[in-house]
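Step one of this worksheet: look at the structure below.
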Amino acid sequence: QVHVVESGGGLVQAGGSLRLSCAASGRTFSSYDMGWFRQAPGKEREFVASISRSGLMRYYAGSVKGRFTISRDNAKNTVYLQMNSLKPEDTADYYCNKDPRVYRDYLPWGQGTQVTVSS
């Protein structure tokens with residue numbers, strides 16, 4: 001079973017940048033299309049971005065397209081989310097898991113990493 005641990009969150013001013021990491025355990029990590037999700041206080045978890053197993057295909061939610069970039073390093077069992085031009089509405093806990101557009105089941109959810117964008 002693959003487990004994930006997210007890191008890299010923090011407090012940043014609007015317009016700033018952060019890079020999130022998702023480190024996965026297990027030899028099957030590279031066989032999964034992976035995604036990033038976020039959950040703002042009082043709101044449901046929402047999809048942010050996804051990347052194929054090879055890293056060649058990427059997909060973004062409209063709210064982050066052009067500002068966020070997802071990438072992965074299968075040798076390091078890690079998925080990244082580079083977030084630029086951050087906005088206060090990007091404030092949320094961020095999580096990684098399998099791409100919901102491809103799979104019906106999820107890996108055990110990690111603890112997430114908190115991102116706070118001040119105006």
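In this text the structure is predicted, and so the values were computed from the model without any measurement.
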Sequence neighbours excluded and cut-off under 3.5 Å, please list the side-chain donor-acceptor pairs for residues 81-88, or say none.
unit_1 : atom_1 : unit_2 : atom_2 : d
Q82    : NE2    : N84    : OD1    : 2.9
N84    : OD1    : S17    : OG     : 2.9

Got a list of side-chain donor-acceptor pairs under 3.5 Å for residues 18-26, not counting sequence neighbours?
unit_1 : atom_1 : unit_2 : atom_2 : d
S25    : OG     : H3     : N      : 3.2
S25    : OG     : H3     : O      : 3.4

Clusters formed by hydrophobic residues whose side-chain heavy atoms approach within less than 4.5 Å: which one holds M57, and what are its other members? none

Report the hydrophobic cluster partners of W109, with the cluster defined as I, L, V, M, F, W, Y residues connected by side-chain heavy atoms closer than 4.5 angstrom, directly or transitively.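 Noted: W109 shares its cluster with F37, F47, Y59, Y95, Y106.
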
Run the side-chain donor-acceptor check on residues 110-119: report pairs under 3.5 Å with partners two or more places apart or on a different chain.
unit_1 : atom_1 : unit_2 : atom_2 : d
Q111   : NE2    : E6     : O      : 2.9
T113   : OG1    : G9     : N      : 2.8

If I take atom [atom1] from residue [X] and atom [atom2] from residue [Y], how far apart are they, to the nearest 0.5 angstrom?
X: R45; Y: R38; atom1: CZ; atom2: CZ; result: 13.5 Å
X: R72; Y: R58; atom1: CZ; atom2: CZ; result: 10.5 Å
X: T78; Y: M34; atom1: OG1; atom2: CE; result: 10.0 Å

If you count heavy atoms of other groups shown closer than 6.0 angstrom to CD of Q13, is the number above 12? no

Quick one, [X] and [Y] - any side-chain contact, counting heavy atoms below 4.5 Å?
X: D33; Y: Y103; answer: yes
X: D73; Y: Y80; answer: yes
X: V4; Y: C96; answer: yes
X: Y60; Y: R67; answer: no

Of all heavy-atom pairs linking R101 and S50, the shortest is NH2-OG, 3.0 Å

Nearest atoms (heavy-atom pairs only) where G35 meets I70: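 Shortest heavy-atom contact: CA-CD1, 4.4 Å.
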
If Ile, Leu, Val, Met, Phe, Trp and Tyr residues are connected whenever their side-chain heavy atoms lie under 4.5 Å apart, and connections chain through other members, are Y94 and V5 in the same group?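 No; V5 is not reachable from Y94 via cluster members.
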
Candidate pair R53 and V102, rule side-chain contact (heavy atoms from CB on, under 4.5 Å), full reasoning: CA-CA 11 Å; R53 282 160 278 184; V102 177; 5.6 Å; no

My understanding is that only residues two or more places apart in sequence, or in another chain, count here; which of them pass side chain to side chain contact (heavy atoms under 4.5 Å, CB included) with T28? V2, S31, Y32

